[in-house]
A.B. asks: 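Right, I'll just put the structure down here and ask away after.
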There are 2 protein chains.
Amino acid sequence: MTVKELNQLLKEKGYKFTSQRQYVFEVVTENQGKHLNSQEIFELVRNRFPEIGVATVYRTLSLLEAMGLIYGVDFEDGFRRYDIVKDDEEHRHHHLICLECGAIKEVEEDLLGTIEENIMKKNKFKVINHRVKFYGYCEKCLAKIERDQRSLT
Amino acid sequence: MTVKELNQLLKEKGYKFTSQRQYVFEVVTENQGKHLNSQEIFELVRNRFPEIGVATVYRTLSLLEAMGLIYGVDFEDGFRRYDIVKDDEEHRHHHLICLECGAIKEVEEDLLGTIEENIMKKNKFKVINHRVKFYGYCEKCLAKIERDQRSLT
DNA sequence: CTATGTGCAAATGCTTTGCATAGGA
DNA sequence: TCCTATGCAAAGCATTTGCACATAG
């Protein structure tokens, strides 16, 4: 999504297009996949627009999330993190979280298609969406761990 | 797990057995499946042991979690919630979260056994554990929603 | 007796809010 | 011009921490 499209979309919904909103959106877009937290986004925006206040960043992130342009995740590290929603993704979007280094990688797959049906049948619960977090070790840390173990013997 | 076993386990690991730890453990145990938050646990313990302080509850919950006797979940509602770990469960434990009424139901299944292998192959990420949250509508709310829709036509 | 555990209150850290001013449309 | 958006500082709120005292072993 371009800044122009953001402008249009904001106006469509009756919101105003401001520099602050533009910069917050740009920063999140340019850092796709990094899952920046609110403070990080604040710092990066401030580089381009020093007058901005934290409150505006928080308010803008909420707005963009409500508009469906970005999404928030909570990796239970004390921060709310944001990333852009890619046009083609619906709910096929999950995270691999490395227990060693904290690296976060995205998985773009609809993992649970058939499983949702079973849930529906067994639990009488209509599944609308799901969020999966896999905890484990990324390639780098796994190699390191195996190396360390070898050197012990 | 009984209080007696808790006593033993604490001592094994070099911790002391105290009334505070006993009551916190009992409250979580007796409210299995309710996913109480720290404040709720604090209130319930205080009914039995009025001298207890919040800090002790927080410290005890962390300790019990580290010992693997309880687990914490974050439903992104601002509270950390706790429930007991049943003996037979490893990582076969997920949640159905109703978008309408907020009800939380547990699912006791290892949903992703085969999927983990694919993740491993495709992403070079060794999965140790996973946590799945399904968002949707529970039986009651689903019925209500359908009723409301019918009455509109 | 000694080290760990506890209660209290203060501190922390992220996020939200109130309010006067700025600035889109 | 009018109403939404912003910046600032203060407030909120769950959780953590420092410290003197209590207590399990």
Side-chain angles (χ1 to χ4, degrees), chain A residues 3-4 6-25 27-28 35-67 69-70 72-82, chain B residues 3-4 6-25 27-28 35-67 69-70 72-82:
Chain A
V3 170
K4 206 168 187 177
L6 173 67
N7 187 334
Q8 287 182 336
L9 201 58
L10 282 168
K11 287 183 188 158
E12 268 174 36
K13 306 213 175 187
Y15 301 116
K16 289 176 183 169
F17 177 77
T18 64
S19 315
Q20 289 89 336
R21 287 174 177 171
Q22 178 189 327
Y23 291 126
V24 168
F25 179 74
V27 161
V28 178
H35 303 89
L36 299 178
N37 67 41
S38 314
Q39 301 281 347
E40 291 167 336
I41 295 166
F42 170 59
E43 302 293 349
L44 290 172
V45 172
R46 203 162 48 168
N47 293 341
R48 306 182 187 182
F49 195 89
E51 318 88 288
I52 201 167
V54 232
T56 302
V57 172
Y58 280 98
R59 283 185 284 230
T60 302
L61 290 170
S62 297
L63 180 67
L64 295 177
E65 186 177 17
M67 291 172 68
L69 300 180
I70 66 177
V73 234
D74 184 356
F75 293 130
E76 310 196 13
D77 62 351
F79 304 97
R80 185 151 189 81
R81 299 176 170 279
Y82 293 91
Chain B
V3 169
K4 205 169 189 176
L6 173 67
N7 188 333
Q8 287 181 336
L9 202 57
L10 282 167
K11 286 183 188 157
E12 268 173 36
K13 305 213 176 188
Y15 300 117
K16 290 176 181 167
F17 177 77
T18 65
S19 315
Q20 290 89 334
R21 287 173 178 173
Q22 179 189 327
Y23 290 126
V24 169
F25 179 74
V27 161
V28 178
H35 303 89
L36 299 178
N37 66 41
S38 315
Q39 301 281 347
E40 289 168 337
I41 294 167
F42 171 60
E43 303 292 348
L44 289 172
V45 171
R46 202 161 49 167
N47 292 340
R48 307 182 185 179
F49 195 89
E51 318 89 286
I52 201 166
V54 231
T56 302
V57 172
Y58 279 98
R59 284 184 284 230
T60 303
L61 290 170
S62 296
L63 180 67
L64 295 177
E65 186 177 17
M67 291 172 68
L69 300 180
I70 66 177
V73 232
D74 183 357
F75 293 131
E76 309 197 13
D77 62 350
F79 304 98
R80 186 153 188 79
R81 299 175 170 280
Y82 293 92

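Chain naming here is simple, since letters A, B, ... match the order of the sequence lines and numbering starts at 1 in each.
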A.B. asks: Between Arg21(B) and dG5(C), is there a contact of a side-chain N or O with OP1 or OP2 at under 4.0 Å?
C.D. replies: yes
A.B. asks: Any idea which heavy atoms bring Val24(A) and Val45(A) closest together, and the distance?
C.D. replies: CA-CG2, 3.8 Å
A.B. asks: Check Asp74(A) against Arg80(A) and note the closest heavy-atom contact, atom names and distance.
C.D. replies: CB-NH1, 4.3 Å
A.B. asks: Let me know the distance between CD of Glu65(B) and P of dT15(D), rounded to the nearest Å.
C.D. replies: 12 Å
A.B. asks: Output the residues of residues 37-52 of chain A in contact with DNA chain D, where contact means a heavy atom of the residue under 4.0 Å from an atom of the strand; sort by number or write none.
C.D. replies: Phe49(A), Glu51(A), Ile52(A)
A.B. asks: Which heavy atom in Val57(A) sits nearest to a heavy atom in Ser38(A), and how many Å separate them?
C.D. replies: CG1-O, 3.9 Å
A.B. asks: Is Leu69(A) close to Leu6(A) at the side-chain level, that is, under 4.5 Å between some pair of heavy atoms?
C.D. replies: yes
A.B. asks: Quick one: are Val27(A) and Arg48(A) in side-chain contact, heavy atoms under 4.5 Å?
C.D. replies: yes
A.B. asks: Rounded to whole angstrom units, what separation is found between the CD atom of Gln20(A) and the C1' atom of dG7(D)?
C.D. replies: 9 Å
A.B. asks: Separation of Gln8(B) atom CD from dG25(D) atom P, in whole Å?
C.D. replies: 13 Å
A.B. asks: Can you check whether Phe17(A) reaches Val3(A) side chain to side chain, under 4.5 Å on heavy atoms?
C.D. replies: yes
A.B. asks: Which heavy atom of Asp77(A) sits nearest to which heavy atom of Arg81(A), and what is that distance?
C.D. replies: OD2-NH2, 2.9 Å
A.B. asks: Provide, to the nearest angstrom, the distance between the CG atom belonging to Asp74(A) and the P atom belonging to dC14(C).
C.D. replies: 13 Å
A.B. asks: Would you mind reading off the distance between Phe79(B) atom CZ and dT15(C) atom C1', rounded to a whole angstrom?
C.D. replies: 14 Å
A.B. asks: Can you tell me how far P of dC14(C) sits from CZ of Arg80(B), to the nearest Å?
C.D. replies: 17 Å
A.B. asks: Check whether any side-chain N or O of Tyr58(B) sits under 4.0 Å from OP1 or OP2 of dT16(D), and answer yes or no.
C.D. replies: no
A.B. asks: Quickly work out the Glu76(A) CD to dT15(D) C1' distance and round it to whole Å.
C.D. replies: 14 Å
A.B. asks: ring-ring contact (aromatic ring centres under 6.0 Å, His included) with His35(B): which of Phe75(B), Phe79(B), Tyr82(B)?
C.D. replies: Phe75(B)
A.B. asks: For every nucleotide of nucleotides 18-25 of chain C, 5' to 3': is a protein heavy atom under 4.0 Å from its base (B), only from its sugar-phosphate (S), or from neither (-)?
C.D. replies: B----BBS
A.B. asks: Work out which heavy atom in Phe42(B) is nearest to a heavy atom in Gly53(B); give both atom names and the distance.
C.D. replies: CE1-C, 3.7 Å
